[in-house]
Amino acid sequence: MACFPNPVNKMEAAETKVSPTYYSAFYRHGVDEKRRVQIPSKWRPTVEGMEFTVILWPKAQEGLCLRVMPPQQMAALMRELDAMPNSNPNKTVLKRFIGSRSVQVALDKAGRIVIPEEMAQAAGIVDEAVLVGLLDRFEIWSPASWEKVQNSDAVMASEAFKLLE
């Protein structure tokens with residue numbers, strides 16, 4: 001009987017070999033004609049061949065962005081989805097949405113990833129992108145959408161920080 005490797009277990013194995021990377025700060029980078037965008041050196045994986053999962057992620061008022069997840073975060077997302085009861089119709093919707101709107105990407109030798117054309121168009125990313133750290137993952141925004149997100153976050157920040165007090 002053939003045995004196929006479980007991608008979640010592979011992701012978790014990669015997680016245990018490396019100290020965590022924290023995706024902090026934000027960076028503005030150009031996007032070239034092949035839709036390649038530079039990943040900050042501090043955010044690059046130390047494990048050779050590691051792939052990020054890029055998901056076209058809907059935000060309520062700000063529009064779409066690209067949510068970029070390292071293997072350990074994608075594994076955590078899979079666990080969260082699997083823990084949902086099968087009777088919950090949102091489980092299948094989420095799995096279908098994420099599964100059909102995500103790709104695995106690796107960095108090239110210059111530390112860049114290629115943003116798939118359909119994802120770039122949907123998120124409004126043309127010749128410039130803003131990479132925003134979310135500590136355990138990061139997002140890629142068009143500059144115009146990022147401006148809206150900053151304004152929205154500023155309104156909600158004082159309330160949100162109460163969660164940490």
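Just the heavy atoms: all of them, side chains too, but no hydrogens, waters or symmetry mates, feed the values below.
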Report task. Kindly determine whether Thr21 and Lys42 satisfy side-chain contact (heavy atoms from CB on, under 4.5 Å), including the steps that lead there. Result -> CA-CA 8 Å; Thr21 298; Lys42 291 180 179 184; over 6 Å; no
Query raised in the report: Below 4.5 Å, heavy atoms only, C-beta onward: do Val54 and Met119 meet side chain to side chain?
Result: yes
Query - Glu165/Lys162 ion pair, N-O < 4.0 Å - result: no
Query raised in the report: Does the side chain of Leu134 come within less than 4.5 Å of Glu139's, by heavy atoms?
Result: yes
Requested in this report: Under the side-chain hydrogen bond (donor to acceptor under 3.5 Å, both in side chains) rule, collect the residues that match up with Asp127, sequence neighbours excluded.
Outcome: none
Query raised in the report: Between CG of Leu56 and CZ of Arg101, what distance do you get to the nearest 0.5 Å?
Result: 7.0 Å
Report task. Indicate yes or no: at least one non-hydrogen side-chain atom of Pro71 is less than 4.5 angstrom from one of Met50. Result -> yes
Query raised in the report: Can the ring centroids of Tyr22 and Trp43 be said to lie less than 6.0 angstrom from one another?
Result: no
Query raised in the report: Under a 4.5 Å side-chain heavy-atom rule over Ile, Leu, Val, Met, Phe, Trp and Tyr, are Leu107 and Tyr27 clustered together?
Result: yes
Query raised in the report: Under 3.5 Å, is there a donor-acceptor pair between the side chain of Arg44 and the main chain of Ile39?
Result: yes
Query raised in the report: Other hydrophobic cluster members with Val149, side-chain heavy atoms of Ile/Leu/Val/Met/Phe/Trp/Tyr under 4.5 Å, chained?
Result: Phe26, Val130, Val132, Trp141, Trp146
Per-pair distances, 0.1 Å, donor-acceptor, side chain in residues 111-118, under 3.5 Å, sequence neighbours excluded:
unit_1: Arg112; atom_1: NE; unit_2: Asp108; atom_2: OD2; d: 2.8
unit_1: Arg112; atom_1: NH2; unit_2: Asp108; atom_2: OD2; d: 2.9
unit_1: Glu117; atom_1: OE2; unit_2: Gln121; atom_2: NE2; d: 3.3

Query raised in the report: Measuring from Met78:CE to Met69:CE, what's the distance to the nearest 0.5 Å?
Result: 11.0 Å
Query raised in the report: With distance as the sole test, does Ser100 use its side chain to make a donor-acceptor pair with the main-chain N or O of Arg96 at under 3.5 Å?
Result: yes
Report summary line: Closest non-hydrogen atoms of Ser102 and Thr53, given as atom of the first, atom of the second and distance, are CB-CG2, 4.1 Å
Query raised in the report: What do you reckon, is CD of Gln150 surrounded by more than 12 foreign heavy atoms closer than 6.0 Å?
Result: yes
Query raised in the report: What's the shortest heavy-atom distance between Ile55 and Met74, and which atoms?
Result: CD1-SD, 4.3 Å
Query raised in the report: With a 4.5 Å limit on heavy-atom distance, are the side chains of Phe97 and Pro58 in contact?
Result: yes
Query - Nearest heavy atoms of His29 and Leu131, plus distance in Å - result: CD2-CD1, 4.0 Å
